[in-house]
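So the structure is just underneath, and the comments pick up after that.
Throughout, protein chains are lettered first and strands after them, A, B, ... in sequence-line order, and every chain is numbered starting at 1. Bear in mind that the values here come from a model prediction, so they are computed numbers and not experimental data.
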Amino acid sequence: MTDSKYFTTTKKGEIFELKAELNSDKKEKKKEAVKKVIASMTVGKDVSALFPDVVNCMQTDNLELKKLVYLYLMNYAKSQPDMAIMAVNTFVKDCEDPNPLIRALAVRTMGCIRVDKITEYLCEPLRKCLKDEDPYVRKTAAVCVAKLHDINAQLVEDQGFLDTLKDLISDSNPMVVANAVAALSEIAESHPSSNLLDLNPQSINKLLTALNECTEWGQIFILDCLANYMPKDDREAQSICERVTPRLSHANSAVVLSAVKVLMKFMEMLSKDLDYYGTLLKKLAPPLVTLLSAEPELQYVALRNINLIVQKRPEILKHEMKVFFVKYNDPIYVKLEKLDIMIRLASQANIAQVLAELKEYATEVDVDFVRKAVRAIGRCAIKVEQSAERCVSTLLDLIQTKVNYVVQEAIVVIKDIFRKYPNKYESVIATLCENLDSLDEPEARAAMIWIVGEYAERIDNADELLESFLEGFHDESTQVQLQLLTAIVKLFLKKPTETQELVQQVLSLATQDSDNPDLRDRGYIYWRLLSTDPVAAKEVVLAEKPLISEETDLIEPTLLDELICYIGTLASVYHKPPSAFVEGSRGVVHKSLPPRTGSSESAESPDAAPSAGQAAEQPAVIPAQGDLLGDLLNLDLGPPVSGPPLAASSVQMGAVDLLGGGLDSLLRSDVGGSPAMGGSGFTAPGPAAPAAMGAPLGSGLGDLFDLTGGVGTLSGSYVAPKTVWLPAMKAKGLEISGTFSRQVGSICMDLVLTNKALQVMSDFAIQFNRNSFGLAPAAPLQVHAPLAPNQSVEISLPLNTVGSVMKMDPLNNLQVAVKNNIDVFYFSTLYPLHILFVEDGKMERQMFLATWKDIPNENEAQFQIKDCSLNADAVSSKLQGSNIFTIAKRNVEGQDMLYQSLKLTNGIWVLAELRIQPSNPSFTDLELSLKCRAPEVSQYVYQAYDAILKN
Amino acid sequence: MCFQQKMIHSLFLINCSGDIFLEKHWKSVVSQSVCDYFFEAQEKAIDVENVPPVISTPHHYLISIYRDKIFFVSVIQTEVPPLFVIEFLHRVADTFQDYFGECSETAIKDNVVIVYELLEEMLDNGFPLATESNILKELIKPPTILRSVVNSITGSSNVGDTLPTGQLSNIPWRRAGVKYTNNEAYFDVIEEIDAIIDKSGSTVFAEIQGVIDSCIKLSGMPDLSLSFMNPRLLDDVSFHPCIRFKRWESERVLSFIPPDGNFRLISYRVSSQNLVAIPVYVKHLISFKENSSSGRFDVTIGPKQNMGKTVEGVVMTVHMPKAVLNMNLTATQGSYTFDPVTKVLAWDVGKITPQKLPNLKGIVNLQSGAPKPEENPSLNIQFKIQQLAISGLKVNRLDMYGEKYKPFKGVKYITKAGKFQVRT
């Protein structure tokens, strides 16, 4: 008798009958009934109506029956939460059972029942099971914490289960360790900033020990966890690599690939001069090749990953070309991937073999594959210059076969070859032209038209050929239409006498008879060019084109580096970062390769693969989520399009400003010294000074104050000490502190970014919301290397005042958005107004008097600056450093009166009268009267006075 | 609430005609309709073998394997290592094979309760729990006719009620208390030749995929050491977890406490071209005349370097071009069939005797009016050579420690064709 009997039904109605059987007194009958219920469940039938009856069978000594009931519960508890409560008692009791198998089973099943009410009852049994004497129960309980966290994260935290789980990493049993790691990794995934997996050399050592002893699946969890660790130096990286390499010989391909990931990542930190580096490279090849002898599904995933690996480190597999040769009975998805990798590995040394293979493939049956093979021949020609001629002749042979899709594909790639090697293979054009009639695919037609237009002068009947296409112009696809338009214009420019009529015809077709705006626009541009300035038209249309290169096929280096961190995951199959496709990627953390350490940094050969440092300079891709938030806050988070190139440092900018008109300012005396001093003070966070990066923020604000204070005195303008703008708690571990400064005409935001999280941060970008004075970053936020945990970096971000303006309250409020690989963070800060005081803010005496009178009295504001014991000269010179200029000084009744002016970046003048009583040491308050046509700034000017004078 | 499910959310088993005949959900129930995306891909792929293993749908990912005419389709919701899933699915199929003797729709349907119990035992919240056949068999007993009779009489069940001993030990692959009256250890060295031979008969690519499959029935906790005459051949090896890697690294000896029963001890790859001998050669002449509805077919197979051993079990299959209507051939040995629908020619040759080489020759009938086929069919050859490991690998000796009895030991060698194709 087999289980298929459970599927038979009777006329009476299945559910009814099952109900009766479930309530039977006979044990055996009960069990059979539950089996029938399970059987129905397996084929997707809804048997939830039997819930109470099945649950009634739960209290039994028969383990099989118990298991079956549990199976049922897991499936349906969610739909019957109230009934599920009935099961709780049995669960709690089973968690105390002397048989560890039953204890584990109970805690496991309870975790699978996603009903809130049940979770409350689960806590106590779970706590006991986490400390159970039997490791089987502990390991099951570890997983249960992850399940519970998924249902009610707060509960898990409140109950302290996370700490218990962390303790399990030190468990004596490797399986318990592996499961604890797996559970913690899963929880950490939804809490990227939490310090759950507190990886340090000690815990890493525990993991590496457990790695040798736990099951294959546990090994995968541990390896994936290791891959997130950032070794502190190359020696640690090497010692981890040494302990991971034996995993490359594991029979489970997922273990192998996870090990490859760890090695590929940590290799980044090893010096290429190291013997071990070479050894490691050699060790990586065989396991990767072995993956290709596995089942086709595994092969496919392996090939997608190998595709990344050969782009990152082509040297690993450069001698293994042959294993990628396509077998006749490989599934098509394997064939296509192999082909792609063959091209990537193609080099002068093996090109003959590769071409022979590709030619063979081009005669196969599968059309998609044949097309890709033909295309591959073209890519070879572009990649390996020495082979171009052979590739072209191979393609010509294939054209001779007259197989329609082969011919079309060949013509498309020959066009690319022409673009790579102009004026070299034009002799083949005649052969191509013979096949004109057989082309029915837009891409091939467009390619052929391009060729005819580009080489019109060498094709005697080019006009006839193009004219033949023109007949059915409106039936062609846009691609062909555009190409035809351009080709005929080219032809006309080359042979103006015979083709005037033709060009007229195509221009009128494109501009008058077409609905397609692209086509019309292009038509008009050509028309106007030709009619106004034919010489210019020639220069534009027949301009030399940039050569194409094989790089167009490569994955962009930043993305590649990120994908290397995701070897073995879905991201590596799709060649997209998880943030691009995983649903609810809230928890997805961008990963980056560790920076190379060790002595060989400068000695690294120029052909080395792009390092992570370089990668970080690429304009960051803003995730879709960030865009949304940015939009809400009316922020454009993209890196500024305009602005000076990345390399422009604040010093250079200062110098430019000086030349550009600030020369007549009173700062003239500083001109000589300032750039040099600025140079020493301000380039520190620049590209060549990684030393500053390591400075932990923990060294205290005092240090920072010293530093910035020093800078302040050097350049004259007062700089407030840095304060924390964005605490790490609010920004997933990123702490930002900063201040503003003005250096000979340029405004800077001096920032210290500190990574207090456990993962590396990269891809920084900054953007300001619109503000009262149009402050905006003048350059992208440039962090030269990914910011490792516990590292700080100082950055001086040049600002300009050409951004969009919106009045803020308070006026000097600045809202800032900072993005990194983890998320986008927002904070706001108040900037001191004196950073906006320009250098040419000194008013003529007469002008001052006139303006003072002119501004109505109600615009005058009075302030007191308390406890300032400076005399008039000291005040004057101190203020002048911040571009507040004293125009006149009077002594009235023993009081010094200073008349001062200043101008804001937006052209607003502020006039001031400052009363000082030098004679009276006990009376140290200064009285400030400010007059301005925009009185709302007065208060902030006063704050600036106050700040400058008191520091 | 953020609903995240790591690893495998659900599993659907689908047969070749597209019926979902089993579903298992490890968390909430996912509607069968998710499989529609799979069916769509299946339709696009035409051949069942060509269905892509990873398919993305708006809310899920489907990762599937195709084994024994069954699709194992798993539903995934978040980023997971696909190899992990694929390996696991193969393990599920292996377990069915192991339990029911075959992994087929009928076998699964006949044992649906055991299947369900097994699936539950193998995966917990996406974490594989017990995938070693030894442990599973202690938890859930495989069905036997005898047991089901006994069970129905005594009312006992096929679920073990004690914790498997191997589950947590450092050697999870072996259970304690194994007892045999006859203690035996057998090793099969099986090598498959993957090769591509070009038109002219020269080797484009060749490598050997070797495995050592073991059947160990030894009492107690035997500790075995297997050494080879020429271990240097093995430079690219994947090991069963039981093998002590350090020992291999330093001494090139396989030292291990074996699992009980059948398992794959190692798999290895020999790729160095000069070590891969090609045991057969094929002479072929396949041509289609221009503007005529016929062609010629003439193929001879002969033995090459086979160290004096007989090449047997020879079968040649050829996918003929679509334009081929029929074939009129004569075989000097064995029998041939041609399927006019799939266009597959199969020639069962049998044993090759060097004195009289097998030949298949005759006329190919083409669809009239169709253009001359461009593609050249590839010939796929299968063969077997007993008592030979073509790489030359030889077991030197097997020593047993830890137990007192004297086991019976045996080593068998066999060479087979893997993906062995001859281009024409």
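With a 4.5 Å cut-off on non-hydrogen atoms, A:E216 touches chain B through its side chain but not through its backbone. With a threshold of 4.5 angstrom between heavy atoms, B:H90 approaches chain A through side-chain atoms but not through N, CA, C or O. Using a 4.5 Å cut-off between heavy atoms, A:V37 makes no contact with chain B at all. Interface remark: A:N179 contributes no atoms to any contact with chain B (heavy atom separation under 4.5 Å). Using a 4.5 Å cut-off between heavy atoms, B:D19 does not touch chain A at all. Contact of B:F245 with chain A is made through the side chain alone, with heavy-atom distances under 4.5 Å. When heavy atoms are compared at a cutoff of 4.5 Å, A:P246 approaches chain B by way of both its backbone and its side chain. For chain A, the nearby parts of B:S56 are the backbone and the side chain; heavy atoms of each come within less than 4.5 Å. Using a 4.5 Å cut-off between heavy atoms, B:V85 makes no contact with chain A at all. Of the atoms belonging to B:N380, it is side-chain heavy atoms, and not backbone ones, that fall under 4.5 Å from chain A. The parts of A:Y328 that come within reach of chain B are both its backbone and its side chain, each placing non-hydrogen atoms under 4.5 angstrom from that chain. For B:I196, the part lying near chain A is the side chain, with the backbone staying farther off; criterion is any non-hydrogen pair under 4.5 Å. For chain B, the nearby parts of A:V143 are the backbone and the side chain; heavy atoms of each come within less than 4.5 Å. Using a 4.5 Å cut-off between heavy atoms, A:L298 contacts chain B through both its backbone and its side chain.
Chosen from A:V334, A:T290, A:L291, A:L257, the residue pairing most often with chain B at heavy-atom distances under 4.5 Å is A:T290. Listed options B:I86, B:D124, B:L22 were ranked by heavy-atom pairs under 4.5 angstrom with chain A; first place goes to B:D124. With chain B as the partner, the residue from A:S293, A:A285, A:A153, A:P287 showing the most heavy-atom pairs under 4.5 Å is A:S293. Looking only at heavy-atom pairs under 4.5 Å with chain B, the residue among A:N212, A:N329, A:L248 that has the most is A:N329. Between chain B and the options A:V370, A:L71, A:I220, heavy-atom pairs under 4.5 Å are most frequent for A:L71. Between chain A and the options B:K24, B:K246, B:Q209, heavy-atom pairs under 4.5 Å are most frequent for B:Q209. Of the listed residues A:P331, A:A302, A:A356, the one with more heavy-atom pairs under 4.5 angstrom with chain B than any other is A:P331. For the set B:E87, B:R67, B:E23, B:E132, the entry with the most heavy-atom pairs within less than 4.5 Å of chain A is B:E87. Interface summary for chain B: among A:I113, A:V255, A:V289, A:V403, the most heavy-atom pairs under 4.5 angstrom belong to A:V289.
Of all heavy-atom pairs spanning B:P81 and A:D224, the tightest one is CG-OD2, 3.9 Å. Closest non-hydrogen pair, A:P286 versus B:D236, comes out as O-OD2, 3.2 Å. Shortest non-hydrogen contact noted between B:S238 and A:A251 is CB-CA, 3.9 Å. Residues B:P82 and A:G568 share a closest heavy-atom pair of CD-O, 2.9 Å. Contact between A:Y333 and B:V51 at its shortest, heavy atoms only, is CE2-O, 3.1 Å.
A:Y70 has its side chain out of reach of B:E120: every pair of non-hydrogen atoms, C-beta onward, lies at least 4.5 Å apart. Side-chain contact check for A:E295 versus B:I65: every heavy-atom pair is 4.5 Å or farther apart. Looking at heavy atoms from C-beta onward, B:Y116 lies in side-chain contact with A:M41 at the 4.5 angstrom threshold. Contact of the B:P241 side chain with the A:H250 side chain is registered, since non-hydrogen atoms from C-beta on lie closer than 4.5 Å. Taking the side chain as every heavy atom from C-beta outward, A:V323 and B:S271 never approach each other to under 4.5 Å.
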Original post:
When you look at B:E117 and A:L68, which way does the side chain to side chain contact (heavy atoms under 4.5 Å, CB included) test go after all the steps?
Top reply: CA-CA 8 Å; B:E117 287 170 343; A:L68 292 173; 3.6 Å; yes
**OP:** Carefully, step by step, assess A:F324 and B:F205 under the rule side chain to side chain contact (heavy atoms under 4.5 Å, CB included).
**Re:** CA-CA 10 Å; A:F324 298 103; B:F205 161 83; over 6 Å; no
**OP:** Begin with the C-alpha distance, continue with both residues' side-chain angles, and end with the deciding distance and a verdict on side chain to side chain contact (heavy atoms under 4.5 Å, CB included) for B:R91 and A:N252.
**Re:** CA-CA 10 Å; B:R91 217 55 67 83; A:N252 185 320; 3.6 Å; yes
Subject >> Derivation of the side chain to side chain contact (heavy atoms under 4.5 Å, CB included) call for A:S249 and B:V237 >> reply: CA-CA 6 Å; A:S249 299; B:V237 197; 5.7 Å; no
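Ion pair B:E207/A:K322 not flagged as a salt bridge, since none of the NZ, NE, NH1 or NH2 atoms sits closer than 4.0 Å to an Asp/Glu carboxylate oxygen. By the 4.0 Å N-to-carboxylate-O rule, B:E121 lies close enough to A:R108 to be salt-bridged with it.
How far CG of B:D194 is from CG of A:L292: 11.0 Å, rounded to the nearest 0.5 Å. The CG atom of A:N305 lies 7.0 Å from the CG atom of B:L83; values are rounded to the nearest 0.5 Å. Between the CZ atom in B:R423 and the CD atom in A:E360 there is a gap of 4.5 Å [rounded to 0.5 Å].
Between A:W217 and B:F88, the ring-plane angle classifies as perpendicular under the 30° and 60° cut-offs.
Of the possible polar contacts, one joining the B:N50 side chain to the A:I332 backbone as a donor-acceptor pair under 3.5 Å is found. The backbone N or O of B:Y66 lies less than 3.5 Å from a partner atom in the side chain of A:E297, making a donor-acceptor pair. Side-chain atoms of B:Q421 do not come within 3.5 Å of backbone N or O of A:K327 as any donor-acceptor pair.
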